[in-house]
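The next block holds one structure in the form of structure tokens; read it before the comments.
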Amino acid sequence: MTDAPIADDPTSFDVTDSTVVYEGAVWDVRRDEVAYGDGMVREYIDHTGAVAVWAEDAEGRVLVIQQYRHPVQLRDWELPAGLLDHPGEDHLVAAQRELAEEADVEADTWEPLVHYNTSSGGSNEFIEIYRARDVRPTGSTFEREAEEADIEVRWVPRAEVIAGIFAGRLHNSALIVAALAVDALERGAEQ
């Protein structure tokens, strides 16, 4: 036993067989047989990874977008975000691309905010959230297609986002994680 701060422990076991059991349009379902204990079989979403952006303006408002998400049947409010489109893609470059494509804005100041896995028992997806400041319009409008064609963009005070989370009106995990992280950082800076 130790008094060291808790931290996830990178651990792996030999994968004796790995099969794509369903090949999807966006990601696949994979079945791994793992040499763990008496043997273990796990199926999970094999995900490319993603990025999201907590963009703030000079008034302390956050940029959120609303779009339809079929699995949860909601037009949820979320952060501009997207998949890592290419293996080895630089996460910051992807975040900058997504902010411009989904909200027609860019930022001068970028810093990593939070890196987390969305569902450790069901997906290998990790999402990297960046905090972007000194935000301004790109000067052009990105041509959105498919489900992104009806994205609504809104600037909302951070306090409204926090209140919406605790009132159960907002459900998107990246928005929740980022909002609580920024709120904790700002509260720590005030003490």
Side-chain angles (χ1 to χ4, degrees), residues 4-11 26-27 44-85 89-103 105-107 109-135 147-148 151-191:
I6 65 169
D8 293 339
D9 184 14
T11 305
V26 179
W27 46 70
Y44 59 93
I45 304 283
D46 193 7
H47 198 284
T48 61
V51 293
V53 182
W54 175 275
E56 302 171 1
D57 68 7
E59 298 170 36
R61 298 176 305 168
V62 61
L63 186 146
V64 292
I65 63 172
Q66 186 181 49
Q67 63 180 324
Y68 177 64
R69 295 301 189 184
H70 183 73
V72 292
Q73 296 187 355
L74 292 171
R75 283 185 48 81
D76 74 348
W77 287 101
E78 56 190 54
L79 301 175
L83 301 174
L84 296 169
D85 290 337
E89 182 175 21
D90 181 271
H91 293 193
L92 177 57
V93 170
Q96 292 167 334
R97 178 191 70 234
E98 291 298 333
L99 184 61
E101 288 179 3
E102 293 189 347
V105 297
E106 56 193 0
T109 306
W110 291 84
E111 60 187 309
L113 179 62
V114 177
H115 182 248
Y116 74 101
N117 62 303
T118 58
S119 175
S120 60
S123 172
N124 62 358
E125 177 187 18
F126 274 84
I127 185 167
E128 178 99 26
I129 303 177
Y130 287 88
R131 189 176 189 182
R133 293 185 256 195
D134 303 316
V135 177
E147 73 272 8
E148 293 181 343
I151 285 177
E152 181 180 339
V153 177
R154 190 181 297 176
W155 288 95
V156 180
R158 178 171 35 105
E160 183 178 332
V161 174
I162 298 294
I165 291 167
F166 289 113
R169 295 188 311 269
L170 300 172
H171 306 95
N172 181 271
S173 68
L175 177 62
I176 292 169
V177 168
L180 297 178
V182 168
D183 195 58
L185 287 171
E186 294 299 318
R187 287 176 186 271
E190 295 171 2
Q191 295 176 355

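Starting from 1, each residue takes its place in the sequence as its number.
- A donor-acceptor distance shorter than 3.5 angstrom exists from the side chain of Y116 to the backbone of A174, with no hydrogens or angles considered.
- Closest approach of R131 to V182, counting heavy atoms only: NH2-CG1, 3.6 Å.
- Taking the salt bridge (Lys or Arg N to Asp or Glu O under 4.0 Å) definition, one finds that D85 meets it with R97, sequence neighbours left out.
- Formation of a donor-acceptor pair under 3.5 Å by the Q66 side chain with backbone atoms of R75 is found in this model.
- Contacts of H47 classified as ring pair (Phe, Tyr, Trp, His ring centres under 6.0 Å), with partners at least two apart in sequence or in another chain: W27.
- Separating the CD1 atom in I176 from the CZ atom in F166 is a distance of 9.0 Å, to the nearest 0.5 Å.
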Verdict with supporting geometry, Q96 and E106, side-chain hydrogen bond (donor to acceptor under 3.5 Å, both in side chains)
CA-CA 7 Å; Q96 292 167 334; E106 56 193 0; over 6 Å; no

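- Between atom CD of residue E98 and atom CG of residue L79 there is a gap of 12.0 Å, rounded to the nearest 0.5 Å.
- Between the CZ atom of R133 and the CD atom of E111 there is a distance of 4.5 Å, given to the nearest 0.5 Å.
- No side-chain heavy atom of W77 sits less than 4.5 Å from a side-chain heavy atom of H171.
- Taking all atoms of both residues into account, the shortest heavy-atom contact from V53 to A132 is CG1-CB, 3.8 Å.
- The side-chain heavy atoms of I45 and E125, taken from C-beta on, include no pair separated by under 4.5 Å.
- Residues V64 and V156 approach most closely at CG2-CG2, 3.7 Å, considering heavy atoms.
- Note that CG of L113 and CD1 of I129 are 6.0 Å apart. Values are rounded to the nearest 0.5 Å.
- The shortest distance between side-chain heavy atoms of L63 and W155 falls below 4.5 Å.
- The shortest non-hydrogen separation linking N117 to S120 is ND2-CB, 2.7 Å.
- Taking the side chain as every heavy atom from C-beta outward, N172 and R69 never approach each other to under 4.5 Å.
- Counting heavy atoms from C-beta on, the side chains of Y130 and P112 come closer than 4.5 Å.
- V177 is not listed as a side-chain neighbour of W54, based on a closest heavy-atom distance of 4.5 Å or more.
- Taking the six-membered ring where the residue is Trp, F126 and H115 present parallel rings, their angle staying beneath 30° rather than reaching 60°.
- The two atoms that bring L170 and V161 nearest to each other are CD1-O, 3.5 Å, heavy atoms only.
- Side chain of D76 to main chain of E78: no donor-acceptor pair is present (N/O by atom type, distance under 3.5 Å, no hydrogens or angles).
- Counting only distance, with no hydrogens or angles, the side chain of E102 and the backbone of A81 share a donor-acceptor pair below 3.5 Å.
- The heavy-atom pair separating V93 from D90 by the smallest distance is N-OD1, 2.9 Å.
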